[in-house]
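Residue numbers begin at 1 in each chain, while the letters A, B, ... track the order of the sequences.
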Number of protein chains: 2
Amino acid sequence: MYLRALTSLADDGTTTCSSEELAASAGVNSAKLRKDLSYLGSYGTRGVGYDVEYLRYQIAREIGVTQDWPVVIVGIGNLGHALANYSGFRSRGFRVVALLDADRDRTGETVAGLDVRAFEDLESIVADNDVSIGVIATPAVAAQSVADRMVAAGITSILNFAPTVLSVPDGVDVRKVDLSIELQILAYHEQRKSVSSEVVS
Amino acid sequence: MYLRALTSLADDGTTTCSSEELAASAGVNSAKLRKDLSYLGSYGTRGVGYDVEYLRYQIAREIGVTQDWPVVIVGIGNLGHALANYSGFRSRGFRVVALLDADRDRTGETVAGLDVRAFEDLESIVADNDVSIGVIATPAVAAQSVADRMVAAGITSILNFAPTVLSVPDGVDVRKVDLSIELQILAYHEQRKSVSSEVVS
DNA sequence: GACGTTTTGTTCTCCCGTTCACAAACTCCT
DNA sequence: AGGAGTTTGTGAACGGGAGAACAAAACGTC
Ligand SMILES: NC(=O)c1ccc[n+]([C@@H]2O[C@H](COP(=O)([O-])OP(=O)(O)OC[C@H]3O[C@@H](n4cnc5c(N)ncnc54)[C@H](O)[C@@H]3O)[C@@H](O)[C@H]2O)c1
Ligand SMILES: NC(=O)c1ccc[n+]([C@@H]2O[C@H](COP(=O)([O-])OP(=O)(O)OC[C@H]3O[C@@H](n4cnc5c(N)ncnc54)[C@H](O)[C@@H]3O)[C@@H](O)[C@H]2O)c1
């Protein structure tokens, strides 16, 4: 989030910023921001603030997005199409090297300038491109088996969009994005709002 | 997550489950699960476990997804199309009542059986359908102004996909889904893995 | 009806992230 | 050069979530 805020400040032509300003753009408390940054090193100047470009680079280096990370996307349906077409990944240090789908009808289709390839090609693509990050956008029932194949092929980080809990060996990271649950959380708070207003009225 | 795990168990024909089993399907610790459920009430039976269907209904009721929540999606680009076509929302208590876009070329297009309508129609759609949840899938530059319009129209919960911090009045909930940050988190751990293995070798 | 077994509900403790608050460090002005 | 003003970096206090552990409750068996 700080990286994003800094990039945005740099685009606006800002060269220097205080922890207060940066915290405001990132939407957090300034003390938290300073403590977070202090774990990376002492990149600020007391009485002055932080150099936007310098700090931006330091954070990018710490995260590891100064290099380009190759990524494969498996499951080129509704969501897979959107992800493949998204330009924001490229500009933030990620490069989609392959789109894979089990459906023979989709194989050969071209999405965002890339051919959709057969799921069987996973192993060779991962090996050839040194891919360590995989995205799962298949239906939930297929997700675990896709994850297993990914892990066997050498992928060690998975971003999962399917609404299912994946089990993977130690050493493999999984993050999941669950849009239905996000909506349900909103609905819960929404319900509580209307309940409490009913009590008032 | 528990709701999803219970639905999945119910689909498998399971009628009763222990906290241990349910925790395993949800991917959490069983003590945590029991404590979480205890906030809702005492729905289990000691020595037996939980009745799957009964507990499922109780959680759904608590969250507020026994009723259908009307939702509007603004920004029918790559991501908006995917969201509109997603059937999982409907089955989890949400109903997409309108798709809105500022681009006149998109207006009139039909996506997932719904006409894409002009962004100007927001106020009347929200009022007519009693919409309280809005999804933002526009570019980042437009997100804040869309959010402002939503709030003015009466929406009080926003799910934001644009990579930007939204500021909204008190009483309005915002949740954001940031896919680039998810990938960056994976990349960070990935980088640390390779650094530590280099030290070993 | 008493006893052993199973499983929940809850207490207690630990740990970690967040925030406050302030000393240290830097700049600028006189 | 020195003092006033500003802003960082960090020690200390706070709060809350997570897990271990156990008492209470239900069930089955004899
Ligand atoms: N579309 C959304 O907006 C959205 C929102 C939330 C969650 N999701 C989740 O994301 C996932 C994908 O959603 P979608 O709408 O794109 O579904 P989809 O059905 O449109 O696409 C799924 C794709 O995966 C492919 N596939 C199926 N099994 C496969 C396998 N074993 N190996 C490789 N590819 C396989 C299918 O051929 C298809 O192209 C689902 O799990 C869904 O629940 C989607
Ligand atoms: N596509 C993805 O997979 C993906 C991934 C991560 C994040 N995002 C984010 O989601 C958002 C949408 O991404 P996308 O790829 O669908 O972009 P897109 O450009 O394909 O679609 C954006 C849509 O929003 C509409 N729009 C623009 N300004 C508007 C306004 N003021 N009011 C209403 N509609 C307006 C445009 O006409 C367009 O149809 C972006 O902020 C993007 O950063 C997308």
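Checking C:dA21, D:dA26, C:dT8 against the side-chain heavy atoms of B:Thr45 singles out D:dA26 as nearest. Of the candidates C:dT19, D:dA20, C:dA24, the closest approach to any side-chain atom of A:Arg46 belongs to C:dA24. With C:dT10, D:dA18, D:dT8 as the choices, the nucleotide that has an atom nearest any side-chain atom of B:Lys32 turns out to be D:dA18. With D:dG19, C:dT10, D:dT8 as the candidates, the nucleotide lying closest to the side chain of B:Lys35 is D:dG19.
Checking the phosphate oxygens (OP1, OP2) of C:dC20, a side-chain nitrogen or oxygen of A:Asn29 falls inside 4.0 Å. Within the structure, every side-chain polar atom (N or O) of B:Ser18 is placed at least 4.0 Å from both OP1 and OP2 of C:dT7. Distances shown here put a side-chain N or O of A:Ser42 below 4.0 Å from the OP1 or OP2 atom of D:dG9.
If you measure from atom CZ of B:Arg34 to atom C1' of D:dG17, you get 16 Å, rounded to the nearest angstrom. Atom OH in B:Tyr43 sits about 17 Å away from atom P in D:dA26, given to the nearest Å. Counting to the nearest Å, the C1' atom of D:dA20 and the CG atom of B:Leu33 are 16 Å from each other. Atom CG of A:Leu40 and atom P of D:dG9 are 10 Å apart (whole Å). As rounded to whole Å, 14 Å separates atom C1' of C:dC26 from atom OH of A:Tyr50. Per the geometry, CG belonging to B:Asp36 stands 10 Å off P belonging to D:dG19, to the nearest Å. Computed from coordinates, the A:Leu37 CG to D:dT8 C1' distance equals 10 Å when rounded to whole Å. Put simply, OH on A:Tyr54 is 16 Å from P on D:dT8, counting in whole angstrom units.
Within 4.0 Å (heavy atoms only), A:Tyr39 reaches no atom of the nucleic acid at all.
Salt bridge B:Glu182/B:Lys176: absent, no basic N to carboxylate O contact under 4.0 Å.
In this structure the side chain of A:Phe94 reaches within 4.5 angstrom of the side chain of A:Val65, judged on heavy atoms. For the pair B:Val28/B:Tyr2, a side-chain contact is recorded, criterion being any heavy-atom separation below 4.5 Å from C-beta on.
Between the side chain of B:Thr107 and the backbone N or O of B:Asp103 there is at least one donor-acceptor pair closer than 3.5 Å.
Comparing A:Val28 and A:Gly47 against DNA chain C, the residue whose closest nucleotide sits nearer the 5' end is A:Val28.
When all heavy atoms are compared, the tightest approach of A:Ala147 to A:Leu166 is CB-CD1, 4.0 Å.
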